[in-house]
Each structure stands twice: as structure tokens, then as C-alpha cells.
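Okay, structure first, notes after.
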Amino acid sequence: LSSSFNIAQNMRDSTLALTMPNLSISLSRLYPFKRKRKVGKDRWYEKIALTYTGTLSNSISTKEDQLFKSNLIKDWKNGMKHSIPISASFSIFDYINVTPSFNYTERWYARKVMQSYDPTAEGSVRRDTISGFNRVYNYNMSLQVNTKMYGFFKPWKMFGDKVQMIRHVFTPSVSFSYAPDFGESRYGYYDTYTYTDTSGEVRTVEYSPYQGMAFGVPGKGMQKSFNFAIDNNVEMKIKSESDTTGIKKISLIDQLSANISYNAAAETRPWS
């Protein structure tokens with residue numbers, strides 16, 4: 001648990017920036033399904049782990065003489081954010097590693113700002129602040145599968161006996177990630193208003209009622225991507241009189257990797 005209080009004041013124009021408070025709560029990794037009395041090997045669901053981080057923010061930027069006249073809901077930028085990542089790691093056939101993960105984020109706001117076209121308002125946009133509890137959430141999930149394959153090569157005698165062995169580690173991996181489109185109307189994170197410009201054309205403006213809030217708003221666009229990657233490492237063992245073991249390891253290729261991804265949600269250019 002940690003908390004902070006900040007104040008910045010500009011004497012030239014009496015501008016005041018105040019944060020009161022910033023509060024952060026974090027929990028260490030938990031295994032909610034782990035048995036209290038362990039018998040035998042861990043079951044697959046006992047490897048599921050989660051953590052939690054919560055952040056409360058309350059800040060304002062105003063003139064010095066307006067600070068105590070400000071409204072906590074309308075004028076202060078406040079909110080709370082919860083982050084809960086859940087992950088696990090399993091082994092299949094003792095050689096294939098599977099790592100699923102799920103990340104959930106939720107924001108709490110005490111207001112939202114709706115916009116509409118009004119030619120008499122500043123910038124021709126009318127902004128109405130609506131007080132109330134607003135829950136803004138988003139999530140994403142992923143699954144990664146990888147393994148390691150080892151190859152050993154004993155050099156020919158033409159190289160002498162100095163080179164003992166060459167080892168090649170080949171690591172292929174496949175991953176999938178998904179996140180829905182939080183710009184869809186059913187979530188209510190984005191809205192529109194229309195107006196007619198000077199040439200008679202009807203224009204549509206998109207905005208978010210939560211734009212400018214303490215913890216922002218989830219992004220738009222669905223994510224549904226596959227990633228394929230390979231990694232290579234090559235080491236060589238040689239005789240060495242300077243080493244106490246008589247053998248020295250030399251890295252020939254520390255990391256040679258390549259990857260390609262495919263976004264199934266993209267309408268154009270899905271390959272990367």
C-alpha cells in the first residue's frame with residue numbers, strides 16, 4: 001500500500017495543480033486453487049495464479065482562488081483502476097510448454113461528458129456532465145505454446161581434439177492473442193453526434209464520454225492474431241587450460257530469431 005500527495009503552484013498566474021491523493025494497492029501472486037495439504041504432484045488448476053493492482057487518483061488543475069469553490073465530481077479528475085492478470089504454465093508430454101493468460105482491467109468514474117452540436121456554444125460543441133457511477137472495463141487473452149529441441153555435433157578429427165562438442169538449441173513457439181472491439185456500441189465507450197457544415201454536407205463526429213478521464217478509455221478495434229516464431233542458439237565446448245574444469249563454453253550464435261504474425265481481424269494486410 002502506497003500513497004502520495006503532490007502540489008505544484010505557479011506564482012505568475014496563480015495556477016495550481018493538486019493531487020490528493022494517489023493511492024496504490026498491490027497484492028503478491030496468489031494461487032487460489034492450490035490445496036492447503038499437498039499430496040502428490042500439482043494438479044493443472046493449482047498452477048493458476050493471479051495478482052491484483054488497484055490505483056485511486058484524484059487531481060485538479062485550477063486557479064488558486066477557485067480551489068475551494070471547485071466541485072469534487074464536476075471539476076476534479078478522479079477515478080479508480082483495477083488490474084487483474086491471471087496466468088498459468090503447464091507441460092504437455094513433458095516437452096511442450098503451454099502458457100495461457102487473461103488480463104482484466106476495470107475503471108470506475110464518477111461522471112461522463114456527453115457532447116452534442118450547438119452553434120451557440122464554444123467551438124459549436126455542447127458538453128453536458130452527467131454524474132453517476134460508470135464502470136469501464138476491457139480484457140484480453142492469449143495462449144502460447146513452445147518447446148526446445150537440442151542438436152549435438154561432434155566435429156571431425158580434422159579439427160583436432162580442441163573442439164569437444166557443438167550444441168544447437170532450436171526454440172519454436174506459436175501464440176494466439178484475442179481482444180474484442182470495445183468500440184462497439186454495446187459497450188457505450190464511444191458515441192457520435194452529427195451536424196451540417198457550411199457546404200450543406202452532413203458530418204458525423206465520434207467521441208468518447210470518458211475521454212480525458214483519469215485512466216482513459218479502452219481502444220477501438222478487434223485483435224485476433226497468431227504469431228509464429230523461431231529462436232536459435234549455438235554454443236561450442238573447447239578445451240581450455242585457463243578454466244578449472246578444463247572445458248570452456250563459447251557462444252557462436254547467441255540469438256538468431258525470426259517471427260511472422262497473422263491478424264485474422266484485419267480487413268487488409270493481415271500478415272506482418
Side-chain angles (χ1 to χ4, degrees), residues 3-24 54-83 103-140 179-223 265-269:
S3 180
S4 63
F5 168 85
N6 299 288
I7 183 170
Q9 189 173 10
N10 190 326
M11 298 299 184
R12 293 181 178 179
D13 57 4
S14 71
T15 300
L16 192 69
L18 180 66
T19 300
M20 186 179 67
N22 265 351
L23 183 67
S24 180
T55 306
L56 173 67
S57 180
N58 194 45
S59 62
I60 190 174
S61 180
T62 185
K63 294 291 185 179
E64 182 180 342
D65 59 348
Q66 296 296 316
L67 178 62
F68 294 103
K69 299 177 182 179
S70 61
N71 184 283
L72 183 63
I73 301 298
K74 292 183 178 181
D75 301 320
W76 286 70
K77 184 185 293 187
N78 43 43
M80 189 166 187
K81 180 180 178 181
H82 311 270
S83 299
N103 298 292
Y104 180 82
T105 302
E106 183 167 307
R107 307 159 185 84
W108 291 351
Y109 297 133
R111 72 176 187 271
K112 61 181 178 180
V113 181
M114 305 301 293
Q115 298 182 18
S116 60
Y117 176 69
D118 185 353
T120 62
E122 182 181 354
S124 298
V125 179
R126 178 180 175 181
R127 293 176 172 82
D128 296 315
T129 301
I130 302 175
S131 301
F133 177 74
N134 295 276
R135 174 174 165 262
V136 180
Y137 69 91
N138 67 290
Y139 60 87
N140 63 76
D181 182 6
F182 291 101
E184 293 182 354
S185 58
R186 62 192 179 98
Y187 293 105
Y189 301 159
Y190 294 88
D191 206 341
T192 60
Y193 66 86
T194 59
Y195 71 97
T196 304
D197 63 14
T198 54
S199 61
E201 292 286 337
V202 178
R203 305 288 184 181
T204 300
V205 178
E206 186 178 60
Y207 72 97
S208 173
Y210 307 103
Q211 184 178 356
M213 297 295 177
F215 302 105
V217 63
K220 298 178 62 179
M222 177 186 290
Q223 179 185 351
E267 296 181 0
T268 59
R269 298 182 180 179

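- Among Tyr207, Tyr195, Tyr193, the one residue that satisfies the ring pair (Phe, Tyr, Trp, His ring centres under 6.0 Å) test with Tyr117 is Tyr195.
- Atom CD of Gln9 is surrounded by more than 12 heavy atoms from other residues, nucleotides or ligands within 6.0 Å.
- To the nearest 0.5 Å, the span separating CE on Met213 from CG on Asn78 amounts to 8.5 Å.
- Taking CZ of Arg203 as the reference point, atom OG1 of Thr192 lies at 15.0 Å (rounded to 0.5 Å).
- The two residues Gly79 and Ala214 have their closest heavy-atom pair at N-CB, 4.2 Å.
- Pro209 and Tyr189 get closest at one heavy-atom pair: CD-O, 3.5 Å.
- Between Asp191 atom CG and Met114 atom CE the span is 4.5 Å, to the nearest 0.5 Å.
- Annotation: side chain of Tyr187 is not in contact with side chain of Pro218 (no heavy-atom distance under 4.5 Å).
- Taking the six-membered ring where tryptophan is involved, the planes of Phe182 and Tyr139 are perpendicular, since the angle between them exceeds 60° and thus also 30°.
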Inset, instruction - Determine, stepwise, if the pair Glu106 / Val136 fulfils side chain to side chain contact (heavy atoms under 4.5 Å, CB included). - result: CA-CA 6 Å; Glu106 183 167 307; Val136 180; over 6 Å; no
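- The two residues Thr19 and Phe5 come nearest to each other via the heavy atoms O-CD1, 3.4 Å.
- Asn134 contributes atom CG, which lies 12.5 Å from atom CH2 of Trp108 (distance to the nearest 0.5 angstrom).
- If you check the side chains of Asn138 and Arg107, you find a donor sitting under 3.5 Å from an acceptor.
- Two residues are said to be in side-chain contact when any heavy atoms from C-beta on lie closer than 4.5 Å; Leu16 and Lys63 fail this criterion.
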Legend entry - Full working for side chain to side chain contact (heavy atoms under 4.5 Å, CB included) between Lys81 and Thr105: CA-CA 7 Å; Lys81 180 180 178 181; Thr105 302; 3.7 Å; yes
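- Nearest heavy-atom pair across Val125 and Ala121 is O-CB, 3.5 Å.
- To the nearest 0.5 angstrom, Ser83 atom OG is 10.5 Å from Tyr104 atom OH.
- Judged by distance alone, with hydrogens and angles left aside, the side-chain atoms of Asn58 form a donor-acceptor pair with the main-chain N or O of Met20 at under 3.5 Å.
- Taking both residues in full, the closest heavy atoms of Met222 and Asp181 are given as N-CB, 3.7 Å, listed atom of the first, atom of the second, then distance.
- Proximity of Trp76 to Leu18: side-chain heavy atoms (C-beta onward) are separated by under 4.5 Å at one or more points.
- To the nearest 0.5 angstrom, Ile60 atom CD1 is 11.0 Å from Lys77 atom NZ.
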